[in-house]
Asks: 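Starting off with a structure, shown below.
Counting starts at 1 for both ligands and their atoms, in listed order.
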Amino acid sequence: MSDKEIVINRTDLARRVNELGIAITHDYTGAHLMVVGVLNGAFIFMADLVREIKLDLQVDFVRVASYGMSTKSSGEIRFSKDVELDIKDKDILIVEDIVDTGRTLVCLQNYMKKRGAKSVRTCALIDKKERREVEVVIEYVGFDVKEGFLVGYGLDCGEKYRQLEEVFQLLKP
Ligand code: IMP
Ligand code: MG
């Protein structure tokens, strides 16, 4: 028996990423777009998404240190890798794999604003809206998923499964 079942297939991923790219291309025409991916989970989605954005843009990444129970939604965040390009006056598009409680994203959005970004929006491949603990705005959502722990297309469970081409839900043993 398989330990996982498919939730989003290759065709649907490609179609949705293309649609997101078209929307972002439309909305950011004339902007100073910098796409900031959240490592490690966003690496595959980000690679596909930027190729669907038909504009000049810059690419950078952040990696957020795990914060256990101590995180506040006030904008405090600890990076194990910060952005390296200058954020000031840029139109920042944060690219996340999945938004769960929303705590990571709130912190990231506040951080980008504090560093002087001209605008900050977010594109998440998957929104697990029903698990939200803090209010957060996500302008571009790929898919709404209600439940389950998801892996593949960048998403991991204990650093495993990231390279799978499709998104799966792990089944309970
Ligand atoms: P949040 O601060 O609770 O929204 O945390 C979101 C982060 O938790 C994501 O960026 C993922 O790294 C991780 N995460 C949440 N749910 C899942 C899942 O179903 N599969 C894999 N990673 C997840
Ligand atoms: Mg993540």
Side-chain angles (χ1 to χ4, degrees), residues 2-10 12-14 16-17 20-21 24 34-50 59-84 87 92-115 117 120-173:
S2 174
D3 59 343
K4 56 191 185 312
E5 69 184 20
I6 192 155
V7 177
I8 312 169
N9 68 34
R10 222 170 292 195
D12 290 342
L13 281 168
R16 193 67 192 117
V17 172
L20 290 169
I24 292 163
M34 186 190 294
V35 185
V36 177
V38 184
L39 294 170
N40 292 341
F43 81 116
I44 293 181
F45 174 45
M46 171 101 162
D48 285 345
L49 181 68
V50 291
V59 165
D60 207 342
F61 291 93
V62 293
R63 186 160 186 191
V64 180
S66 63
Y67 44 61
M69 300 300 287
S70 66
T71 301
K72 310 200 173 63
S73 53
S74 60
E76 272 176 53
I77 196 164
R78 210 161 61 73
F79 291 104
S80 54
K81 189 214 166 300
D82 200 348
V83 275
E84 282 162 52
I87 301 176
I92 302 293
L93 181 66
I94 299 170
V95 175
E96 258 284 29
D97 53 354
I98 187 163
V99 181
D100 189 36
T101 65
R103 292 185 185 280
T104 309
L105 187 53
V106 165
C107 290
L108 278 171
Q109 291 176 343
N110 291 341
Y111 178 78
M112 300 295 170
K113 287 175 199 159
K114 222 166 60 190
R115 287 272 304 261
V120 180
R121 289 187 192 172
T122 302
C123 179
L125 177 69
I126 296 164
D127 187 4
K128 274 195 197 169
K129 218 184 290 173
E130 271 139 37
R131 290 188 32 97
R132 202 70 92 250
E133 291 175 9
V134 291
E135 211 176 302
V136 64
V137 178
I138 311 172
E139 286 81 2
Y140 307 95
V141 173
F143 300 89
D144 281 302
V145 175
K146 285 202 168 48
E147 57 196 343
F149 197 84
L150 306 178
V151 297
Y153 198 66
L155 290 128
D156 76 309
C157 180
E159 295 303 324
K160 208 174 140 188
Y161 304 114
R162 290 197 196 276
Q163 85 279 22
L164 300 178
E165 283 191 75
E166 304 173 302
V167 177
F168 296 84
Q169 177 180 343
L170 285 186
L171 301 174
K172 293 195 184 81

Asks: Apply the side chain to side chain contact (heavy atoms under 4.5 Å, CB included) test between Gln109 and each candidate in Thr104, Val136, Ile92; give the one that qualifies.
Replies: Val136
Asks: Less than 4.0 Å is my threshold; does some heavy atom of Glu133 fall inside it relative to ligand 1?
Replies: no
Asks: Is there a side chain to side chain contact (heavy atoms under 4.5 Å, CB included) between Val167 and Tyr153 once you walk through the steps?
Replies: CA-CA 6 Å; Val167 177; Tyr153 198 66; 3.9 Å; yes
Asks: For the CD atom on Glu147, are there more than 12 heavy atoms of other groups (residues, nucleotides or ligands in this structure) within a distance under 6.0 Å?
Replies: no
Asks: Does an N or O anywhere in Gly102 fall below 3.5 Å from an N or O of ligand 1?
Replies: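 Yes - when backbone and side-chain N and O of Gly102 are compared with those of ligand 1, one distance drops under 3.5 Å.
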Asks: Using a strict 4.0 Å cut-off to heavy atoms of Glu96, name the atoms of ligand 1 that fall inside it.
Replies: 10 (O)
Asks: Using the test side chain to side chain contact (heavy atoms under 4.5 Å, CB included), find all partners of Arg10 that sit at least two apart in sequence or belong to another chain.
Replies: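 So Arg10 forms a side chain to side chain contact (heavy atoms under 4.5 Å, CB included) with Glu165, Glu166.
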Asks: Would you indicate which of Ile98, Leu39, Leu108 comes nearest to atom 6 (C) of ligand 1 when only heavy atoms are counted?
Replies: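 Of the listed residues, Ile98 has the closest heavy atom.
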Asks: Minimum heavy-atom separation for Gly142 to Leu20, with atom names?
Replies: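 Heavy atoms of Gly142 and Leu20 come nearest at CA-CD1, 4.0 Å.
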Asks: Would you check whether Leu155 has a nitrogen or oxygen atom less than 3.5 angstrom from a nitrogen or oxygen atom of ligand 1?
Replies: no
Asks: At less than 4.0 angstrom from any non-hydrogen atom of Leu150, what atoms of ligand 1 do you find?
Replies: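 Those atoms are 18 (C), 19 (O), 20 (N), 21 (C).
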Asks: Any idea which part of Val151 is under 4.0 Å from ligand 1, heavy-atom wise: side chain, backbone, both or neither?
Replies: neither
Asks: Under the side chain to side chain contact (heavy atoms under 4.5 Å, CB included) criterion, do Val62 and Tyr111 qualify, and how do the steps go?
Replies: CA-CA 11 Å; Val62 293; Tyr111 178 78; 5.9 Å; no
Asks: Test of understanding: given a 4.0 Å heavy-atom threshold, classify the contact between Lys128 and ligand 1 as side chain, backbone, both, or neither.
Replies: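 Under 4.0 Å from ligand 1, Lys128 contributes side-chain atoms alone.
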Asks: Looking at Thr104, which atoms of ligand 1 are within less than 4.0 Å of one of its heavy atoms?
Replies: 1 (P), 2 (O), 5 (O)
Asks: Please find the pair of heavy atoms, one from Gly154 and one from Phe43, that lie closest to each other, and give the distance.
Replies: CA-CE2, 3.9 Å
Asks: Non-hydrogen atoms of Asp156 versus ligand 1: any pair closer than 4.0 Å?
Replies: yes
Asks: Return each pair, listed once, that meets salt bridge (Lys or Arg N to Asp or Glu O under 4.0 Å) where at least one residue sits in residues 132-144; pairs must be two or more places apart or across chains.
Replies: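 The answer is Arg103-Glu133, Asp127-Arg132, Lys129-Asp144.
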Asks: With heavy atoms of Arg103 as the reference, note each atom of ligand 1 found under 4.0 Å away.
Replies: 2 (O), 4 (O)
